[in-house]
Amino acid sequence: MNVEIKQNYEEVSQETAQRIAAYVAAKPDSLLCLAAGNTPLGAYRILREMAQEKKVDFSRCTFVGLDEWAGMDRHSDGSAQEMMYRDFFDPLGIRPEQIVYFDAASDDLEAECRRIDAYIEANGPIDLMLLGIGVNGHLGLNEPGVDFASRSHVTALSETTVTVGQKYFKESRELTGGVTLGIAQVMESRTVLLVASGENKAAAVRGMLHGEVTNALPASILQRHADCTAIVDKAAAGAAE
Ligand code: PGA
């Protein structure tokens, strides 16, 4: 696993955006999986600016969703999809046929998982995956205890995720579960970028980089990925230096 330690969040965002743009320039028809959440937002802002200046072109890419809160769809305030449409898909003019996402408002989440798995099976593997990391070491909604062999699955949420997850919502929401791509699909992705910023991620980042590989800290599995780069600021790396 490669590690890039940057001075601050802005540098993390710049590095991440440049790497995504370079990847897409080399493979314009990439299958991308870009995480929602707060950490990638800086990179998405920079990619929007680059697209306006014609420095990156996503018109031939496809995008598969990473995860979603159970019961929510793209119109639910604070959902993963709502963030991705607002901060990435809509401003970049990504067409509906380029986007494949869990409908977590469906009555049959298992069927949604099989649909997404079938899509990746037919069109994958994912070329580039951009991930954040939870304070509990989760990747997407692959929570502590997850089966490393998992593909898309419905998951219960850890207490940490239920509490921390409130930051995405204007009004407090009862978070009851989620759907997520699985660790197998993370590990089969050709390239993984993981972004982390801030002191509150330092313990998780330390475990990811230097701890034993254990499903108690799902991100630790990335030590075994052939092409994974963690792009972290000094604060998030603090305990790892
Ligand atoms: P964040 O989420 O980028 O909003 O901190 C990361 C995560 O929980 O995976």
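Atoms within each ligand, like the ligands themselves, are counted from 1 in listed order.
- Taking the ring centroids of Phe88 and Phe63, they lie under the 6.0 Å cut-off.
- Using a 3.5 Å distance cut-off with no hydrogens or angles, the side chains of Ser59 and Asp57 do pair a donor with an acceptor.
- Counting only N and O atoms by type, the side chains of Thr161 and Glu143 include a donor and acceptor under 3.5 Å apart.
- Leu128 and Leu222 are not part of a single hydrophobic cluster, where members link through side-chain heavy atoms under 4.5 Å apart.
- Protein residues having at least one heavy atom under 4.0 Å from any atom of ligand 1 are Gly37, Asn38, Thr39, Gly132, Ile133, Gly134, His138, Lys167, Tyr168, Lys201, listed by chain and number.
- Remark: side-chain polar atoms of Thr180 are paired, donor with acceptor, to backbone N or O of Leu141 under 3.5 angstrom.
- Listed here is the closest heavy atom pair of Pro218 and Asn136: CD-O, 4.2 Å.
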